[in-house]
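To start, the structure under review is shown below, and the notes come after it.
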Number of protein chains: 2
Amino acid sequence: MEPSGNEFLRGTLKTIVLKLLSEQGTSVPNRMYGYEITQAVKERTKGEIVLSFGALYPILHKLEQEGLLTTETEEVEGRLRKYYSLTPQGTETAVQKVTDFERFMDTMRGLLQLPATLATGH
Amino acid sequence: MEPSGNEFLRGTLKTIVLKLLSEQGTSVPNRMYGYEITQAVKERTKGEIVLSFGALYPILHKLEQEGLLTTETEEVEGRLRKYYSLTPQGTETAVQKVTDFERFMDTMRGLLQLPATLATGH
DNA sequence: TTGAATGTATTAGAAGCTTATATATTATTA
DNA sequence: TAATAATATATAAGCTTCTAATACATTCAA
């Protein structure tokens, strides 16, 4: 039906992936592998958003194909791991997507007559 | 591509339609026709969100089929107009969807590390 | 009389998901 | 030691949802 039962998530997956990769990790540029991305999203949202692999991998491949991501495969503890990191263009797109999403939320708040959020608790 | 060039709108269309119909208009229960809905969305969002008819009508028909909307057709100024209004179940769903969307925005703000919105300007 | 605005509706096709499946290793538990 | 959970990447079938295009019809303004 919907991604992890949340219909609103539709169309936001690329933005989530790009944003996570744009954050500073232990390596510069930051790199993450697919499984790690799903776990990070699950942890940060306390299980509210769970990316399925069937959704994630096609997105990663598409972003790579579009030149926003590059990959490096490494063997870690006997298993193959494919790390993804942003290209310069990917970094730009990440910023743009997040800005677009903020704007979208603002527009939706107006349309649905919702109050501005004052306390979030996160 | 995306609804009115906005990929994030995916999955929010039902919520928008239900919310608009749930607001108090001149009639109780409030009723609107398809074209009116697209215009209301366009005006409220200053053109940022434009619903296409190809997206709107299937949604209206589906909501009717699900028992969330009822319709009445009237002739107004020589043209046929089909008014949609919420059933009791539709009213419940409208509230639920808006609540779900607020929760979703909160989750996304946490995930994307966005600040809480203090001033909106709308 | 021509075009813009108003109005409902369908269709073909693309895109973005879900769900199921395949494959494989390591770590834990019964 | 055998089964299962967790770790890890990936594809395929199929459904839903959207875009873009089209059809049809009326009213109003230029």
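Lettering follows sequence order; numbering is per chain, from 1.
- In this structure, B/Lys62 atom NZ and C/dA9 atom P are separated by 18 Å, rounded to whole Å.
- Smallest separation of non-hydrogen atoms from B/Leu20 and B/Val41: CD1-CG2, 3.6 Å.
- Between B/Arg81 and C/dG7 there is a side-chain N or O to OP1 or OP2 distance below 4.0 Å.
- Going from atom OH of B/Tyr83 over to atom P of C/dG7 covers 8 Å, rounded to whole Å.
- Pairing each heavy atom of A/Arg44 with each of B/Leu111, the nearest pair is NH1-O, 2.7 Å.
- As rounded to whole Å, 14 Å separates atom C1' of C/dT23 from atom CZ of A/Phe53.
- In this model, the phosphate group of D/dT26 is not approached by any side-chain N or O of B/Arg79 to a distance below 4.0 Å at OP1 or OP2.
- Between B/Tyr35 and the phosphate of C/dT8, there is no side-chain N or O to OP1/OP2 separation shorter than 4.0 Å.
- Protein atom CD of A/Glu75 is 10 Å distant from nucleotide atom C1' of C/dT25, rounded to whole Å.
- Each of C/dT19, D/dA10, D/dT11 was ranked by its minimum atom distance to the side chain of A/Ser52; first place goes to C/dT19.
- Separating the CD1 atom of A/Ile59 from the C1' atom of D/dT9 is a distance of 15 Å, rounded to the nearest angstrom.
- Along DNA chain C, the nucleotide nearest to A/Gly54 and the one nearest to A/Glu77 differ in position, and the one closer to the 5' end is contacted by A/Gly54.
- In this structure, NZ of B/Lys42 is placed 13 Å from C1' of C/dG7, rounded to the nearest angstrom.
- For the pair B/Tyr33 OH and C/dG7 P, the interatomic distance rounds to 4 Å; values are reported in whole Å.
- Taking 4.0 angstrom as the limit, A/Tyr57 places none of its side-chain polar atoms (N or O) nearer than this to OP1 or OP2 of D/dA10.
- Between B/Phe53 and B/Tyr57, the two ring planes are parallel [angle under 30°; tilted spans 30° to 60°].
- B/Tyr84 and B/His61 have tilted rings, their planes meeting at an angle from 30° to 60° on a 0 to 90° scale.
- B/Leu60 is connected to B/Val76 through a chain of hydrophobic side-chain contacts under 4.5 Å among Ile, Leu, Val, Met, Phe, Trp and Tyr, so both are in one cluster.
- Looking at which nucleotide of DNA chain D each of A/Val76 and A/Ala55 is closest to, the 5′-most match is held by A/Val76.
- Rounded to whole Å, the distance from CG on A/Asn6 to P on C/dG16 is 18 Å.
- Neither OP1 nor OP2 of D/dT9 sits under 4.0 Å from any side-chain N or O of A/His61.
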